[in-house]
Amino acid sequence: MVKAVVCGAAGGIGQPLSLLLKLNPLITELSLYDVVNAVGVATDLSHIATPAQVTGFLPADNGAEKALKDADIVVIPAGVPRKPGMTRDDLFVNAGICATLAQAIANACPKAFILVISNPVNSTVPVFAETLKKAGVFDPKNHLDVVRASTFVATALGKPQDAPKYSVPVVGGHSGATILPLLSQSKPAISEELLNNKEKRDALINRIQFGGDEVVKAKDGAGSATLSMAQAGAEFTEFVLQAAFGSQKGKVVQSYVFLGAEAGGDGVKKEIGSDLDYFSVNVELGPNGIEKILPIGSIDDAEKTLLKAAVEELGPSIEKGATFQPAPPKL
């Protein structure tokens, strides 16, 4: 019996994400929460013939904590979407929403796995962590850029149909220069012709780093990346559930995590030459969530330059989230 909760379930990411989780055979109970329309979305999804039983909740009568009660995993796409001309950092207004949801999680399901999608992720993850620490329930035991990297690499190689075959580690953070695709570690390996062609390589990296802008521009004011984000969130949820409740222990993925979660975090801090508390790195998943934080490993000179830029930009975003003093709206 696995209970999953989507907070922000009626939004542009929340609805397709909820659909994908409804189709996940490991989930037997799916709880949807949002400030509007969550009951309607839940009713719609409940007509789909899969094991998960779906219920929707609104803010009235402590709806957030009712939705979250005894959850095994909580996925959070809640918040204001990005519009043309906005950076992810402009979405720091979402910090208050995240702090409120973090407190509700602390009250209703403190041992649940928490997957944060709400932007700006570089800051909202620290907001969650600090709120849970204050509540005394923080247990440090995030994936879109990995999805994009596989797609864009295959396209750049003239083999877009091979996108599912490529695995490209993406470390750092989730905004612009903090996104560091490790093309030198791609599996299968990327051709030396592309890696040594500075113009083509820079263009590929830029597309991975600013893929979100591509979607925002294409939607022409009608929203930001929602379907790809929903897929990335559902995929990462699947990885966590399979490691915790299924048969795929030891799965290695990249996630934006608290580096104090495991001893491996100190090694990563040495690799990046910084004492940052949060960084997206390779982690090994298991029944307890993050079982190991793995090293970044060997990277080439071009990636070392990008790593330095990522670290410099991440610091202020993390500090902003970690020092946030919420005055959140009542759920």
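Computed from a predicted model, the values in this text were never measured in an experiment.
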Could you check if a side-chain atom of [X] sits within less than 4.5 angstrom of a side-chain atom of [Y], using non-hydrogen atoms only?
X    : Y    : value
V35  : L58  : no
V41  : D44  : no
Y256 : T178 : no
L259 : Y278 : no
L115 : I73  : yes
V268 : L276 : no
I114 : L132 : yes
V171 : L182 : yes

Interatomic spacing from [atom1] in [X] to [atom2] in [Y] - rounded to 0.5 Å:
X    : Y    : atom1 : atom2 : result
L32  : C7   : CG    : SG    : 9.5 Å
S224 : M229 : OG    : CE    : 6.5 Å
L183 : I208 : CG    : CD1   : 5.5 Å
R207 : D202 : CZ    : CG    : 15.5 Å
E271 : D266 : CD    : CG    : 11.5 Å
L180 : I296 : CG    : CD1   : 7.5 Å

Is there a donor in the side chain of [X] and an acceptor in the side chain of [Y], or the other way round, less than 3.5 Å apart?
X    : Y    : answer
E303 : S184 : yes
K22  : T50  : yes
Q103 : N107 : yes

Which heavy atom of [X] sits nearest to which heavy atom of [Y], and what is that distance?
X    : Y    : value
S186 : V168 : OG-CG2, 3.8 Å
S175 : N122 : OG-ND2, 3.0 Å
P126 : V121 : CD-O, 4.1 Å
H174 : N119 : CD2-OD1, 3.3 Å
S280 : V170 : OG-O, 3.5 Å
Y33  : A67  : CB-CB, 4.0 Å

Are [X] and [Y] grouped together when hydrophobic residues (ILVMFWY) are joined by side-chain heavy atoms under 4.5 angstrom apart?
X   : Y    : answer
L20 : V5   : no
L19 : I76  : yes
L23 : L241 : yes
L26 : V253 : yes
V54 : I48  : yes

### Message
Among residues at least two apart in sequence or on other chains, which ones pass side chain to side chain donor-acceptor pair (under 3.5 Å) with E192?
### Response
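N196.
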Under 3.5 Å donor-acceptor, [X] side chain and [Y] backbone:
X    : Y    : result
K249 : G246 : yes
N197 : K200 : yes
E29  : A52  : no
S118 : A78  : yes
N282 : L294 : no
Q15  : A10  : yes
D162 : A154 : no
E65  : A104 : no
S274 : V311 : no
Q185 : S298 : yes

### Task
Please report the C-alpha distance between D139 and K111 in whole Å, then the side-chain angles of each, then the deciding distance to 0.1 Å, and finally whether the side-chain contact (heavy atoms from CB on, under 4.5 Å) criterion is met.
CA-CA 8 Å; D139 181 2; K111 296 190 178 299; over 6 Å; no
### Query
Taking NZ, NE, NH1 and NH2 as the nitrogens, is one of them in E284 or K251 under 4.0 Å from a carboxylate oxygen of the other?
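K251 and E284: not salt-bridged.
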### Query
Are the charged groups of D300 and R201 less than 4.0 angstrom apart, N to O?
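Counted as a salt bridge, because a side-chain N and a carboxylate O are separated by less than 4.0 Å.
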### Query
Would you call the rings of F245 and F113 parallel, tilted or perpendicular if under 30° counts as parallel and over 60° as perpendicular?
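The rings of F245 and F113 stand perpendicular, inter-plane angle above 60°.
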### Query
Can the ring centres of F258 and F138 be said to be less than 6.0 Å apart?
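Yes.
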### Message
Looking at E193, I'd like to know if its CD atom is crowded, meaning that more than 12 non-hydrogen atoms belonging to other residues, nucleotides or ligands lie closer than 6.0 Å.
### Response
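For E193, atom CD is not crowded (no more than 12 foreign heavy atoms under 6.0 Å).
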### Message
Apply side-chain contact (heavy atoms from CB on, under 4.5 Å) to residues S31 and K3 and explain how you reach the verdict.
### Response
CA-CA 7 Å; S31 189; K3 178 177 179 178; 3.8 Å; yes
### Message
One pair to check against side-chain contact (heavy atoms from CB on, under 4.5 Å): I97 and N94. What are the steps and the verdict?
### Response
CA-CA 5 Å; I97 296 170; N94 291 337; 4.0 Å; yes
### Message
What verdict does the side-chain contact (heavy atoms from CB on, under 4.5 Å) test give for F279 and V257, after you've listed the backbone C-alpha separation in whole Å, the side-chain angles of each residue and the deciding distance to 0.1 Å?
### Response
CA-CA 6 Å; F279 205 76; V257 296; over 6 Å; no
### Task
List in chain and number order the residues that pass salt bridge (charged side-chain N to carboxylate O under 4.0 Å, His left out) with D277, two or more places apart in sequence or in another chain; answer none if no residue qualifies.
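Salt bridge (charged side-chain N to carboxylate O under 4.0 Å, His left out) list for D277, sorted by chain: K269.
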### Task
Cation-pi check, K66 to F57: give yes when NZ or CZ is under 6.0 Å from the six-membered ring centre and within 45° of the ring axis, no otherwise.
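Negative - K66 is either too far from the ring of F57 or too far off its axis.
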